[in-house]
Amino acid sequence: MPNSKSTVNHYVYVLYSTADYGFYTGYTSNLRQRYSQHQQGKSFATKSRLPLKLVYYEAGLSWKDARAREKYLKSGPGKRYLKNRLQNYLTNL
């Protein structure tokens, strides 16, 4: 049975930059707030890549799992996974 801590979600997310046609992968416990920060240019990593679209996310109950998933999605096999997962979206760009 889940404990009370399991109600907090942790997200891994992928943003797509229409400026440089690249992806940014991150993780957070508050996806709406973090996405807003990216959109407002408050993130050093993405402020020069605006505008951004949220194209993929996963939710989990553990920040350790979210961090591990982020690392995987940034790896070669992870990038291939995302390309396959987002195949229809990427085709329509």
NZ (Lys42) and CZ (Arg34) are apart, to the nearest 0.5 Å, by 11.0 Å
Common cluster, Val12/Leu86, ILVMFWY with side-chain heavy-atom separation under 4.5 Å:
yes
Does any N or O in the side chain of Ser36 come within less than 3.5 Å of the main-chain N or O of Arg32, such that one atom is a donor and the other an acceptor? no
Review point. Should Leu50 and Leu15 be counted in the same cluster of Ile, Leu, Val, Met, Phe, Trp and Tyr side chains packed under 4.5 Å apart?
Key: yes
* **Close side-chain approach of Asp65 and His10, heavy atoms under 4.5 Å** => no
Parallel, tilted or perpendicular: rings of Tyr21 and Tyr16 (30°, 60°): tilted
Treating Ile, Leu, Val, Met, Phe, Trp and Tyr as nodes and any side-chain heavy-atom pair under 4.5 angstrom as an edge, say whether Val55 and Leu82 lie in one connected cluster. yes
**Message:** Looking at Arg49, is its backbone amide N or carbonyl O close enough to the side chain of Ser17 to form a donor-acceptor pair, meaning the two atoms are under 3.5 Å apart?
**Reply:** yes
To the nearest 0.5 Å, atom CG of Leu52 lies from atom OH of Tyr24 at 10.0 Å
| message | Are Tyr81 and Leu54 connected into the same hydrophobic cluster when the rule is that any two of I, L, V, M, F, W, Y join if their side-chain heavy atoms are below 4.5 Å apart? | response | no
Residues, nucleotides or ligands: over 12 heavy atoms within 6.0 Å of Arg67 CZ
yes
Grouping I, L, V, M, F, W and Y whenever their side-chain heavy atoms are under 4.5 Å apart, do Tyr56 and Tyr11 come out in a common cluster? no
Rounded to the nearest 0.5 angstrom, the NZ-CZ distance for Lys74 and Phe23 is 14.5 Å
Test side-chain hydrogen bond (donor to acceptor under 3.5 Å, both in side chains), reference Tyr13, set His38, Glu58, Glu70, output is His38
One should read off an interatomic distance between Thr46 OG1 and Gln39 CD, to the nearest 0.5 angstrom, of 8.5 Å
d(Leu73 CG, Arg85 CZ) to nearest 0.5 Å is 11.0 Å
